[in-house]
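First, the structure itself, so that you have it in front of you.
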Amino acid sequence: MSATVADLVQHARESILREAEALTNLAAQIDDDFAEVVAAVQRCTGKVVTTGAGTSGIMAERLAHLLSVSGTPSFYLPSQDALHGGMGAVTPSDLVIAFSKGGQSAELTQLVERLVERGSDVIAVTERADSPFAVAATRVVHVTTDPAEADAGGLIALGSTLVAGAWGDALTVTLMGLNGFSWEEVVQIHPAGIVGQQEELPEEVSAPTTSSPSSAPASARGQGGHA
């Protein structure tokens with residue numbers, strides 16, 4: 001079957017628009033559960049450990065890097081490596097954020113179960129809050145991809161991958177603002193590439209404002225929280 005240039009362009013644009021709609025619809029899903037994750041990170045006295053499998057694992061690895069760059073010490077632990085002894089790097093003082101769209105990955109569920117047994121707090125970020133993966137965790141963040149068609153056939157993780165990434169981006173920038181992590185510090189730990197060459201730095205990331213005392217996270221870093 002042949003297609004014209006116009007057909008190809010239109011097809012690509014429609015794909016991008018579906019994914020953009022899914023990202024827009026994510027904003028309405030950010031609720032008290034998100035604030036509780038922020039508070040959990042700030043209470044954490046160890047490191048944030050992210051994990052996942054497949055494209056969810058790729059987003060988990062990306063989040064660990066972004067958190068580290070912006071002032072929240074983190075590392076990524078591949079689920080398969082963890083099941084072959086790597087989970088020994090995780091301690092009860094760490095906070096685990098695990099990603100799985102469908103929550104049916106047997107190895108990831110096994111990892112979460114074992115981490116919880118070892119005393120770790122595990123946050124499951126998933127589209128299926130009743131999945132074995134979610135049930136095994138100590139806390140669940142339910143995030144959906146709307147429209148479902150943002151994933152090709154509802155099976156290939158396209159838009160859902162971006163949704164998971166955007167959720168992590170929101171967590172990253174929120175924590176950076178709350179922690180007062182400066183651009184000078186970013187450049188200090190990122191000497192390579194164009195970031196390390198910056199001489200004129202942007203305005204600092206602003207901390208979220210609180211409209212009422214009840215809307216603030218339970219604790220703040222530097223106030224008995226994440227050292």
Side-chain angles (χ1 to χ4, degrees), residues 29 32-145 151 155-157 160-161 163-172 175 217-219 221 224-227:
Q29 300 179 56
D32 291 352
D33 286 343
F34 180 84
E36 290 175 5
V37 174
V38 172
V41 174
Q42 294 199 294
R43 287 194 300 269
C44 175
T45 57
K47 289 182 170 61
V48 173
V49 182
T50 67
T51 190
T55 52
S56 293
I58 293 170
M59 288 299 100
E61 183 174 13
R62 176 179 181 273
L63 176 59
H65 175 77
L66 293 175
L67 288 174
S68 295
V69 166
S70 59
T72 301
S74 310
F75 68 91
Y76 169 64
L77 181 62
S79 57
Q80 283 290 351
D81 290 350
L83 292 175
H84 287 269
M87 75 173 77
V90 184
T91 70
S93 64
D94 298 325
L95 175 67
V96 180
I97 302 179
F99 291 83
S100 176
K101 177 190 174 184
Q104 299 296 323
S105 172
E107 73 270 18
L108 195 55
T109 299
Q110 182 183 9
L111 172 59
V112 171
E113 290 173 343
R114 191 60 59 90
L115 287 171
V116 172
E117 289 175 3
R118 288 170 52 81
S120 295
D121 187 11
V122 181
I123 298 171
V125 182
T126 181
E127 292 201 4
R128 297 189 178 182
D130 59 349
S131 64
F133 163 73
V135 171
T138 54
R139 189 189 311 261
V140 179
V141 175
H142 185 217
V143 176
T144 61
T145 303
D151 277 354
L155 297 175
I156 300 177
S160 61
T161 303
V163 166
W167 183 90
D169 292 349
L171 180 64
T172 296
L175 289 168
S219 63
R221 175 176 285 186
H226 194 191

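Here, residue 1 is the first one in the sequence, and each next residue gets the next number.
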Q) salt bridge (charged side-chain N to carboxylate O under 4.0 Å, His left out): which pairs involve residues 95-113, sequence neighbours left out? A)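 Every salt bridge (charged side-chain N to carboxylate O under 4.0 Å, His left out) pair that includes a residue of residues 95-113, provided the two are not neighbours, is K101-D151.
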Q.
Using the side-chain hydrogen bond (donor to acceptor under 3.5 Å, both in side chains) criterion, which residues pair with E36? Sequence neighbours excluded.
A.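 Once residues adjacent in sequence are excluded, E36 has no partner under the side-chain hydrogen bond (donor to acceptor under 3.5 Å, both in side chains) criterion.
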Q | Note, T161 side chain near I58 side chain (heavy atom, < 4.5 Å) | A |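 Contact flag for T161/I58 side chains = no.
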Q: List the steps and the verdict of side-chain contact (heavy atoms from CB on, under 4.5 Å) for Y76 and V49.
A: CA-CA 6 Å; Y76 169 64; V49 182; over 6 Å; no
Q. Can you find a pair of side-chain heavy atoms, one from T51 and one from F99, that are under 4.5 Å apart?
A.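 No; the side chains remain at least 4.5 Å from each other.
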Q) Where is the tightest heavy-atom contact between V143 and W167, given as atom of each residue plus distance? A)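 The answer is CG2-CD1, 3.9 Å.
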Q) Taking only residues two or more places apart in sequence or in another chain, which ones pass side-chain contact (heavy atoms from CB on, under 4.5 Å) with I156? A)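 For I156, the residues satisfying side-chain contact (heavy atoms from CB on, under 4.5 Å) (neighbours in sequence not counted) are A152, L158.
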Q | Non-neighbouring partners of T144 that pass side-chain hydrogen bond (donor to acceptor under 3.5 Å, both in side chains), sequence neighbours left out | A |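 With sequence neighbours excluded, T144 shows a side-chain hydrogen bond (donor to acceptor under 3.5 Å, both in side chains) to Q29, given in chain and number order.
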Q: Any side-chain hydrogen bond (donor to acceptor under 3.5 Å, both in side chains) involving residues 77-94? Give me the pairs, sequence neighbours left out, ordered by first then second residue.
A: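 The answer is T91-S93, T91-D94.
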(Q) Pairing donors with acceptors under 3.5 angstrom, does anything connect the side chains of E127 and T145? (A)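 Per modelled atom types, E127 and T145 side chains form a pair under 3.5 Å.
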Could you list the donor-acceptor pairs under 3.5 angstrom formed by side chains in residues 115-124, with sequence neighbours left out?
from, atom 1, to, atom 2, distance (Å)
E117, OE1, R114, NE, 3.4
D121, OD1, T138, OG1, 2.3

Q) Say you draw a straight line from CG of L77 to CG of L111; how long is it, rounded to the nearest 0.5 Å? A)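 With rounding to 0.5 Å, CG (L77) is 6.5 Å from CG (L111).
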Q. Which residue pairs pass the side-chain hydrogen bond (donor to acceptor under 3.5 Å, both in side chains) test when at least one of the two sits in residues 52-70, sequence neighbours left out?
A.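 For residues 52-70, and leaving out neighbouring residues, the side-chain hydrogen bond (donor to acceptor under 3.5 Å, both in side chains) pairs sorted by first residue read R62-D169.
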Q. Which residue pairs satisfy the salt bridge (charged side-chain N to carboxylate O under 4.0 Å, His left out) criterion with at least one member in residues 50-59, sequence neighbours excluded?
A.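 Checked against salt bridge (charged side-chain N to carboxylate O under 4.0 Å, His left out) - neighbours excluded - no pair reaches residues 50-59.
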(Q) Once side-chain contact (heavy atoms from CB on, under 4.5 Å) is applied, do any residues pair with A89, and if so which ones, sequence neighbours excluded? (A)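 A89: side-chain contact (heavy atoms from CB on, under 4.5 Å) contacts with F75.
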Q | side-chain contact (heavy atoms from CB on, under 4.5 Å) involving S131 - partner list, sequence neighbours excluded | A |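 By the side-chain contact (heavy atoms from CB on, under 4.5 Å) rule, S131 matches Q104, T126, R128, F133, A134.
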